[in-house]
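All values reported here derive from a predicted model rather than from experimental measurement. All chains are named by letter (A, B, ...) in the order of the sequence lines, taking the proteins before the strands, and each is independently numbered beginning at 1.
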Amino acid sequence: MIRRSRRSVSTGHALISPADWRRPGVRWGLGGAQVLLLVGLVVIGLGPLLWLAKSAITPTLDTLSHPMALFPHGAAWNNLREAWTNVHVGRYFWNTVALAIGSWLSQIVIATTAGFALSVLRPKYAAVINALLLTTLFVPAVVLLVPLYIEIVHPPFIHHSFIDSYWAIWLPAGASAFNVVVVKRFFDNLPREIFEAARIDGAGPFRLFVAVVLPMSRPILGVVSVFAVLASWKDFLWPLLVLTNPDRQPLSVRLPNIQSQTELGVFLAALLIASLVPIIGFLVFQRSFLRGTGLGGALKG
Amino acid sequence: MAAIEFQGVSKIYPDGTRAVDSLDLTINEGEFMVLVGPSGCGKTTALRMVAGLEEISEGALLIGGHVVNDVSSKERDIAMVFQNYALYPHMTVAANLGFGLKLRKLSRDEVRSRVQRAAATLGLEPYLHRKPGALSGGQRQRVAMGRAIVREPRAYLMDEPLSNLDAKLRVQVRAEIQKIQRTLGVTTIYVTHDQTEAMTMGDRIAVMSDGALQQVDTPEQVYRRPANRFVAGFIGSPAMNIVNARLTRVNGNLIVRFGEHSLEIDDEVLAERPALLAYEGKSVILGVRPEDLEDVAFAPGGSNERTIVTVCTLRETLGSEVLVHFPLAEPAQDATDAGELIEPLGDASSIFVARVHPETKVREGESLRLAVDTRRLHFFEPESGLAIYGDDDAAASRNGRERVQLQPASGLGS
Ligand SMILES: Nc1ncnc2c1ncn2[C@@H]1O[C@H](COP(=O)(O)OP(=O)(O)OP(=O)(O)O)[C@@H](O)[C@H]1O
Ligand SMILES: [Mg+2]
């Protein structure tokens, strides 16, 4: 975002031209306003996070007695270690990661293959499936909770309950009509001629999917991935229902549970650990999904 | 390398559009066939049917003697250059060129050397590691060409592959395509709008209009003996002048009257077009190519019977030649004549174009005497638009295997 605004100023397409910027009135007035706005945004956006980070490494007593003071008696890095090992946040953390990766994988695989079938291969009955998919979008998730639960307890054909197994999370995660619709929309807008060129070049459906369609779909894969991981990371209700064994539960389910039995400083450290991954993930991957569609040069005009 | 044969092939799109109408056409093994026609006449559709990208609604398509209606694109083993390139945006130029080879399980060295060779031919070596997004339109077009020539397919299908190149590059790549095609001897169907490309590149030209084939023949024959009014008006630039006319006999000589002009018809013309005699006293459509009109100052020995006197309204100096525009005055005065006209062709406003000697002195608004090469006049049947040659209309196209579509051409521009 910052890059974009800087570029637009420098190319002169901004509301305020570079020449205007050289006038002192504009420079100080507008410049000052910009700085204030930026500081305000940083405080609102980053403040709570930094506050959490600070509290996580402050001894509990200090946090309680001088909540506003900055490390009056030094930092307590110990909180983090304690949270990770004694409170088993480490284990819950890895549980969460396993759930997120599995959910992500199942969502990506199903969304892309279904989107590919409906958009590129287009069998005769694709229109019907598409309509059915869209209708499921109108059903609120809460309504599905009970039927889904019954399905997981008594899955068809398998005769083995999925309760306490991660499959209970992974499989329903994949069944997302929303993802399929989003991905299909994106595939619909890819130029057909490229697929045709690949077919003439000798690519079968599988090759077409792996070597042409997927690489051209990085932006939408990024979007779906971020949604998938975030949703899985913060999901509370469904894991609480289907994972009864505390050792297999994710952070989102365990944290409220351990709050009452844990010292405040250690609990805040646990919260920090829980929130770090989504933040770091966003920072690392933001470029790949905020970027344009990356189709430059495929077609003329 | 294989012959491609359309046998009564039609394409009807789901919305009912008949984009190609019972096409009968054979492209011989190793032949360079140019497909021309106005925009929307079904050229791309025909090509896509050969490529296996479009289902064939009626008829049979043969490649190498086998019906391929139900054979997949992959197994047809043809290469196609798309009208809008269709490059793989996420691959480098080298990967774009090598993709088809890799899929056909060639060894890595073989792929690399073939890509190198194609890139060298098309001047793409400096860009091998760039992605299509970082190339100019002309460079992209060359990559699209390269993707076809790296493979050694049974046929090339090219859909206006040079439309985006500048004049110089176009000449260069045009020559390159011809050279490649000759050396490899690959059967080629080449779609173009460009008259020069059509005339210079093709072994034969197939002219299409509204989904129907109008004529197939060598470039010279299509130009010299167009099968109908449509082909006559479409091939050649500037286009042939076309006007309603009437044949009469004066003092024993056959005369063609159009507008306020009249020209004598030589015995030579009659020898070539014996059927013309039957039109005495009737309406015909007269066609005169701009280059068969010449400023009398540069055409000595022309008699009055072969000259028209008119006024120049526009002079276009092109360097090597001058184009002179002049109107035809009111058509034949008697009302009965006008009543017989099928289509309003030669009305008062219709403008003729002559291509005359570059040193001509004629200026706009001045009177102009033009000598007409009456041996090269073209005559068409007013109703069907078919050219009038001998009794045997099939002679219009000397090609025995190709059937000339005997139907009136519509939407003529003159
Ligand atoms: N998918 C389609 N559905 C319906 N009609 C179509 C479809 N594709 C093409 N057409 C129609 O078929 C006709 C032939 O189209 P085609 O693309 O073959 O023309 P073309 O000769 O290649 O024209 P151009 O020189 O402009 O490329 C046109 O009238 C077009 O509108
Ligand atoms: Mg076309």
Whatever's closer than 4.5 Å to a heavy atom in chain A on B:R76 counts as neither
Residue A:R207 versus chain B: region with a heavy atom under 4.5 Å: side chain
Is the NZ or CZ atom of B:R142 positioned over B:Y85's six-membered ring, under 6.0 angstrom from the centre and within 45° of the axis? no
Within 45° cone of B:Y13 ring axis and under 6.0 Å: B:K11 NZ or CZ: yes
Will you find, in the side chains of A:S106 and A:W170, an N or O donor that is under 3.5 Å from an N or O acceptor? no
Proximal component of B:I78, with respect to chain A [non-hydrogen, under 4.5 Å]: both
Are A:E196 and A:R199 close enough for a salt bridge, meaning some N to O gap below 4.0 Å? no
